[in-house]
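For reference, the structure is listed below as C-alpha cells.
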Amino acid sequence: MPLPTVVQVVVDKPLSQGFDYLWDLEKLGLPPEIGHIVEVPFGRSSLVGMVIKVSTHSDFEIDKLKTVTQVAPLVPIDPAALRLMNFASQYYIHALGETIIPTIPQMWKKALDWEKIPKKLVAAEEKKKKTISELNSEGLIGEDDLNEEQKSALAKLRNYSSKGKEFKAILLQGQTGSGKTAVFLNWLSEVLKSSTSQVLLLVPEINLTPQLERRVRAYFPEKKMVVLHSGVTEKERGIAWYEAVTGKAQIVLGTRLAALAPLPNLSAIVVDEEHDASYKQQDGIRYSARDLAIWRAHDVKIPILLSSATPSLETWLAAKAGRYEYIRLDQRARGAHLPKVHLINTRDLRNQYSPGDSGKPKEKSPITKTLAYAISQNFRDKKQSLILINRRGYAPVLSCGACTWLSKCQQCSSYMVMHRAGALGKRPVLSCHHCGLVKAIPSHCPNCGNADLKTLGQGTQKIEDAIEEMWPDQRVLRVDTDSSRSSKGAEELFQEIHEGKVDIVVGTQMIAKGHDYQNIGLVGVLDADGRLFSQDFRAAERLFAQLVQVAGRAGRSGKDGQAGGDIYIETQYPESAVFQYLLRHDVDGFLSHTAKEREEAGLPPFSYQALIHAESKSLDKAIQFLSTLKGHLKSNGLIKTGLRVYDPVPKAVMRVAGTERAQLVIESDSRKQLQEVLEAIDTELRENSQGRISKETRVRWLIERDPINI
Ligand code: ADP
Ligand code: ZN
Ligand code: ZN
C-alpha cells in the first residue's frame, strides 16, 4: 500500500499548532504543496486554511484524519512570503494561522466561490484593457529634470539596485517638496527595467493613494500596477492580490496591509512617510508594516528606501550610526523657500479680541487677532488658507452652566462629542468617538433641569462656523472623516481645493498629509497644546512631525521661485522644544534633543517594550489578572537584570463600550530577552485560557510588541 499523503494546515484560530489532514490526489487533481490555500473540515463546519507542511506521517492515527476538501485555484504562496509570516507570527507572538489567513482577501477565503474565480479574473482583465485612460504627465520629472542633489541621490540608490541580491536600508530625508518622490520614482524605473521585477510602494493612508497612483501611472504607463488597501472593494482587492501573488503586477501600491502581500519577484521596497503611525496595525496582530518591510528586504536581499521629512527616531538613529545609508535632500526642488513659522502666544492678551474691539468676534474667539489679520491678508494675496484643528465635531464636551454635569459617555470613561446638525444625522447629536454611541442632545440638563447647556472647547465644525461668520465672503470647506463620509469622498474634497474652489480649508490631520496643494499661502494650527503634555512619550515626536508636514503645505506653489508661505501656531507654550525647533526648521536638532531625552530615560529606541493588554467587565479583575501575571514572572525568576516589569495600570481611556481596560508595560534592554519573556508569558497565559480569554476570570488578554501608544 502506498504511503498516505499528510498535510499540515493552519487556520485562523489562536492555536499554536496546525492540523493534519489527508490529501486525496485523485479527488483534488494535483499534488499538495506548501503554500496551497485549502478548505478543510473543522469541527462541525469547514474552514479555509493554508498548507504549511507536506509529509507521509502523522503523530495522530491516520484512519482518524479527515481529508482536505478543496484547493483554491491559485499557485502556492511563495516561500519568502511564508518566511515573512513565520517571522511575524513569532515576533508578534501570534499564532501562524491567525497571522496568515487574515492577510488573504475574502475572495480567496470563500471556498464556495472558488469555481467562479477564473471567470472573474478574465472579466477583470478585459475590463482593464478597455479603460486604459489618458495619462497625465504632469509631475513627471524625468532623470534629466532632476537637480544636482537629486541626481546624486539617484546615483547612490542605483548603486544598491544594480548590485543585485544585497540588503540595504536607506533613509531618504528631505523636507516636503524637496523632490523625494521624484527621486524614488526614477530609481524604481531603473529597478523595473527587468520585465519580471516587482516593487512594493507603501503609503500610510488610503487618502494618499489616488494622488500617488496617478503619479506612478504617469511614470510607468506600460507596467501593471495594483492598489491594495482596505478602501478598495473585496473583489478588486481579491484580483489585485492575485496579480501580486502570481507576479503579474509589477508595481504594488498600498497601505500597511500590502506589506504582507506575497510578491515572488520582489526587487525593491519604498516606504513613504516612514515615520507615520498608521504603519502600525492596532488590532489583531499588532504589527508594524515598516518594520516587517525592513525584515522582508533583509530576508530576500533587496534594497529598501525609507522616505520622510521627519524620520522616526529609530530610523534616524540607524542612519546616523551608519547602519542605514543616509541620503539627504536639503533644497526644495522648485526653489521655493521654507514657510516662515510664527508662534502666537495666546497668553499674551494683545493677541486676543476684547469685547470693545471693532473686530467681529464678540466672545473670546478661538482665532486670535494675529491669525485673523494674516488670514485676511492671505485672501487679499489670492492664496488659500489651511486651518488645522485636530478634533472633529463641533465641541468635545457639552456642559451645564448651573451644575457640574458634563456629557460623559455612559459606556466609556470619555466625553461625548457634540456634532452639529447635518453631520451625523438631521439633528445635532452627541457622539462617543470611542464606542460609537450616538444620542440626541438633551434639551435640559439631565442632572438639574437647567436649559442653558454650553459647549466647552472646539472642533472642526465650530471653527468652520466661526470662520464663516468672520469672513462671510470667503468660501470655506471642512475636511474631516465626517465630511468625507457624509457628503463627498476625501478625493473630491481635495479636488475642490486643487481647483481653487475654496478659500479657507478647515480640517483635521487629514489635510496635513501628503497632498500637493498648489496655492496654500497660510497654515494656521489651533489646538496643538493638548499634545505637549500627553502621558504618551511619543506625543511630542508625533506633533513635531505633523507640524513640519502641515507647514510643508504652505508655499508649495506651482510657480518657480515663489516665496514660501507662512505657518501660524497658536499656543500657550511657545517656549517648548517642539515649537522652538520648528521655528528654526531644525528637524535634526529636534530629533537629537528627543534622542537625548529618551536615552536618559531608558525609553525606546534605547530599550524595547511590550504591552500586555487585559480587558474585563471589572477593572479590578483586569488589574488583578496582570498582577498575578507579574507575580508569576517574579516567582519563576523570569525578571532578570535588564528586564523591567512595571505595575499594571488602567489605560488612558480606561473604559470603552462597557469594558474596563488595563495594561502592563514590560521593557528590556535587549530584544532577545524580551522575546524570551514574552514567549514564556504566552505559554503561561495560554495554558489557562481558551483562545485569549482566561478560563477562570474571563479576562481577555493580548500581547503587543513595540507598542506606539503607551
Ligand atoms: P517630496 O516627495 O519630497 O515632497 P516631490 O518629489 O513630490 O517632493 O516634489 C515636489 C514637487 O516638485 C512636485 O510637484 C514635483 O513634481 C516637483 N519636482 C520635483 N523635482 C523637481 C525638479 N527637479 N524640478 C522641478 N520640479 C520638481
Ligand atoms: Zn445641570
Ligand atoms: Zn462611549
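Start at 1 and go down the list; that is how both ligands and their atoms are numbered.
The structure places CG of L430 at 4.0 Å from CD1 of I441, a figure rounded to the nearest 0.5 Å.
R392 and Q461 are not linked by any side-chain donor-acceptor pair at a separation below 3.5 angstrom, with hydrogens and angles left out of the test.
Under the salt bridge (Lys or Arg N to Asp or Glu O under 4.0 Å) test applied with E274, the options K180, K280, R290, R256 reduce to a single match, R290.
Those atoms of ligand 1 that come under 4.0 Å of a heavy atom in T176, given as number and element, are 4 (O). Set against the non-hydrogen atoms of L146, the atoms of ligand 1 under 4.0 Å away are 23 (N). Of all atoms in ligand 1, listed by their number and element, those nearer than 4.0 Å to a heavy atom of N147 are 23 (N). Close approach of ligand 1 to A182 (heavy-atom distance below 4.0 Å) involves ligand atoms 6 (O), 19 (C), 20 (N). Of all the atoms in ligand 1, the ones that sit under 4.0 Å from a non-hydrogen atom of Q175 are 3 (O). If you number the atoms of ligand 1 from 1 as listed, the ones under 4.0 Å from a heavy atom of D145 come out as 22 (C), 23 (N), 24 (N).
When all heavy atoms of R661 and L619 are compared, the closest pair comes out as O-CD1, 4.1 Å.
Looking at heavy atoms from C-beta onward, I567 lies out of side-chain contact with H342 at the 4.5 angstrom threshold. Side chains of L306 and I294 form a contact here, defined as non-hydrogen atoms less than 4.5 Å apart.
When heavy-atom distances to ligand 1 are checked against a 4.0 Å cut-off, Q150 comes that close only through its side chain, counted from C-beta outward. For Q331, no heavy-atom contact with ligand 1 is shorter than 4.0 Å.
Considering backbone and side-chain atoms together, I141 places no N or O closer than 3.5 Å to any N or O of ligand 1.
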**Report entry** Candidate pair Q173 and I327, rule side-chain contact (heavy atoms from CB on, under 4.5 Å), full reasoning
**Finding:** CA-CA 6 Å; Q173 182 183 339; I327 306 179; over 6 Å; no

Report task. Determine, stepwise, if the pair H419 / Y394 fulfils ring pair (Phe, Tyr, Trp, His ring centres under 6.0 Å). Result -> CA-CA 5 Å; H419 287 253; Y394 187 82; 9.5 Å; no

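The SG atom of C432 and the SG atom of C412 subtend an angle of 110° at the Zn ion (ligand 3), given to the nearest 10 degrees. When rounded to 10 degrees, the angle formed at the Zn ion (ligand 2) by SG (C445) and SG (C400) equals 110°. Geometry at the Zn ion (ligand 2): SG/C448 and SG/C403 form an angle of 110°, nearest 10 degrees.
Within the structure, ligand 1 lacks G174 among the residues with a heavy atom less than 4.0 angstrom away.
Among the backbone and side-chain atoms of H433, none of the N, O or S atoms lies under 2.8 Å from the Zn ion (ligand 3). Because the distance cut-off is set at 2.8 Å, H434 fails to qualify as a neighbour of the Zn ion (ligand 3), as none of its N, O or S atoms comes that close.
Geometrically, R584 engages Y581 in a cation-pi contact, judged by NZ or CZ lying under 6.0 Å from the ring centre and within 45° of the ring axis.
Enclosure of atom NZ in K340 is not indicated, since only 12 or fewer non-hydrogen atoms of other residues, nucleotides or ligands lie within 6.0 angstrom.
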